[in-house]
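Everything on this sheet refers to the single structure shown next.
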Amino acid sequence: MAKQEITIKKPFDSHVHLRRGATLRAVTKYTAERFGRGIIMPNTEPPIDTVEQAAEYKKEILSAVSGHSNILQNVGMSVEQKFEPLMTFYLTKKLSPKDIGKGASGDVCKIYAVKSYPYGATTNSQWGYRNILEAKEVLREMENVGMPLLLHGEVHLNDNNVEEDPYDGEKIFIKEVLPRLLDEYPKLKVSLEHMSTSEAVDFIEKNGKEGRLVATVTPTHLMYDRRQAFSGGYRTLLHMKPLIKKMEDREHVREIVKKGLPFVSAGTDSAPHPESKKFSSCCAFGVFNSPVALELYTQVFDELGCLDKLEGFLSENGPRFFGLKPAEDTITLVKEDWQVTEPIVTDEGVKIWSLCDKQHGLGNEVIHWRLASSL
Ligand code: DOR
Ligand code: ZN
C-alpha cells in the first residue's frame, strides 16, 4: 500500500524565536526547511525596538539561511524566496508612535507587528509593560496605521504588583485585560498568542474575527497536558510560558483547531535555549520545537481526523492576518515513524535539545509524520 501523504502550500509560522549568533546559525535551518515565512519574535538581548535593529537582525537571519546551501537548492531562488523573516518590534518603554510609523512605512525595514510581553512573565520580558493598557500612545498609532499587536496574554503582576498564580495568568488576562483592550482600540488588529486555556479558546471562538482578533496555537499545547509535564519528575523540555495546562484545556485547544476557523493559525513558539539554561536549577521558559513542529501539527490533525483543515491552519490563516498571500510553493509530509535522537549542536559546541528528543523527552517518543524530503 502506498504511504499516506499530504501536500500543502508552504506553511507560515506566526510565532518563532530564532535568537542571535551561534544559536540562530544552528536553529534557523529547521524553520526554513519547513516554513516559507515566519513572524520573528523580538525578545532578543537587546530587544528589537528600532527599524535599524530589525534590519540588522533580518540580515543575520538571511545570512544563516543562505549559509545552509541545501535549503537553496532551486537555481535562481533568492534567500528571501526560500525563507522570509517578517520582523517585529518588542513593545518596550522606549518604543514610540514615531517608531511605529517608521516600521509601517518599510523604508528601512518593514515591521509586521508589535509584540507585548508582560513584565517578568517569561524569557527576556524585563523590558515589557506590566499591563499592556499602559502603552496608550503606541497602541493608538498602531491602530491608525493598521499594525497588528501580538499578545503574550498573561497577567503576571496584578495592580498591586503582586504575582498571580502562573496557572491563572492567561485566564485573568482573558477576563480582565483583553475585553478592555478590544473596547478601547476598536480598530486594532490583535493576535492572542499561544492559547493554552479553555477560557482563551472560548473567548476566541466567540469573538475571533479575520483581520481583527485572531489566535495562534503551538504544537506543545496541542500535544501535552500538565500530567505529562510532571510525569516521572518535571519535564524540562515541556517548560514554557504559558505553562502547559490541564487535559480539559488541551481538549479545548484541539477542538478549536478541528473547527478550521479562519482566525486560528499555527505559531510554533519554537524557543531554543542552550542546554546550560534548560537543564539548570532555574530552567528557562521555552520549548525548542522547530525540528518537529510541522510534523506534530500534522500528527495531531491526523489523530483528530481533520487533515482537510491543516492547510488553512498552517499556510493560509497566518498570512491573511498580516495582509499577505499564501505561499505558492508546497511541501509534502508522509506518514512514517521517526524519532529525534540527537541534540542540535551550535558552531560554539553548545547543545540545544528539541521537543520529543528520545533521551530527554517523555521517553522514546515516536513522531508519526515526517517531511517527504529534507530540503
Ligand atoms: O516559553 C516561552 N519562551 N515563552 C515566551 O513567551 C518566551 C519564550 C522564549 O523566548 O524563550
Ligand atoms: Zn514566544
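Note that ligands are numbered from 1 as they come in the structure, with each ligand's atoms numbered from 1 the same way. If you read the sequence from its start, that first residue is 1, and numbering goes on from there.
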Carefully, step by step, assess Val190 and Leu178 under the rule side chain to side chain contact (heavy atoms under 4.5 Å, CB included). CA-CA 10 Å; Val190 175; Leu178 187 53; 4.3 Å; yes
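- Not a single N/O/S atom of His152, whether from backbone or side chain, sits less than 2.8 Å from the Zn ion (ligand 2).
- Within a 6.0 Å radius of NZ in Lys351, other residues, nucleotides and ligands contribute 12 heavy atoms or fewer.
- Around atom CD of Glu328, no more than 12 heavy atoms belonging to other residues, nucleotides or ligands sit under 6.0 Å away.
- Where the criterion is an N or O separation shorter than 3.5 Å, residue side chain and backbone included, His194 fails it with respect to ligand 1.
- For the pair Lys115 and Tyr90, the cation-pi test (distance below 6.0 Å, angle within 45°) is failed.
- For ligand 1, the polar-atom distance check finds an N/O of Phe285 within less than 3.5 Å of one of the ligand's N/O atoms.
- For the Zn ion (ligand 2), the set of nearby N, O or S atoms under 2.8 Å includes none belonging to Glu193.
- The nearest protein atom to atom 4 (N) of ligand 1, hydrogens excluded, is given as Lys241 O, 2.9 Å; this is a heavy-atom distance.
- Comparing Lys277, Met240, Lys278, Arg19 against atom 9 (C) of ligand 1, the shortest heavy-atom distance belongs to Arg19.
- Note that Arg226 lies in the cation-pi zone of Tyr167, set by a 6.0 Å cut-off to the ring centre and a 45° limit from the axis.
- Backbone and side-chain nitrogen or oxygen atoms of Gly286 are examined, and one is located within less than 3.5 angstrom of a nitrogen or oxygen of ligand 1.
- Remark: ligand 1 atoms within the under-4.0 Å shell around heavy atoms of His152 are 6 (O).
- Between Lys115 and ligand 1 there is no heavy-atom distance shorter than 4.0 Å.
- Under a 4.0 Å heavy-atom criterion, Met41 is not in contact with ligand 1.
- Residue Lys58 qualifies as enclosed at atom NZ: its count of foreign heavy atoms under 6.0 Å is above 12.
- Nearest N/O/S atom of Asp269 with respect to the Zn ion (ligand 2) is recorded as OD1.
- For ligand 1, the atoms closer than 4.0 angstrom to any heavy atom of Asn43 are 7 (C), 9 (C), 10 (O).
- At a 4.0 Å heavy-atom cut-off, ligand 1 does not touch His239 at all.
- Between the side chain of Tyr57 and the backbone N or O of Arg19 there is at least one donor-acceptor pair closer than 3.5 Å.
- The ligand atoms of ligand 1 that sit less than 4.0 angstrom from a heavy atom of Ala271 are 3 (N), 8 (C), 9 (C), 11 (O).
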Does Val114 form a side chain to side chain contact (heavy atoms under 4.5 Å, CB included) with Leu95? I'd like the steps, not just the answer. CA-CA 10 Å; Val114 175; Leu95 193 72; 3.9 Å; yes
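- For the Zn ion (ligand 2), the set of nearby N, O or S atoms under 2.8 Å includes one belonging to His15.
- Remark: ligand 1 and Tyr117 share no N or O pair separated by less than 3.5 Å (distance only, no angle test).
- Counting heavy atoms of neighbouring residues, nucleotides and ligands inside a 6.0 Å radius, atom CD of Glu251 exceeds 12 of them.
- Heavy-atom contacts from other residues, nucleotides or ligands closer than 6.0 Å to OH of Tyr185 number more than 12.
- Counting non-hydrogen atoms of neighbouring residues, nucleotides and ligands closer than 6.0 angstrom, the NZ atom of Lys246 reaches no more than 12 such neighbours.
- Among all protein heavy atoms, the one lying closest to atom 7 (C) of ligand 1 is Thr122 OG1, 3.3 Å.
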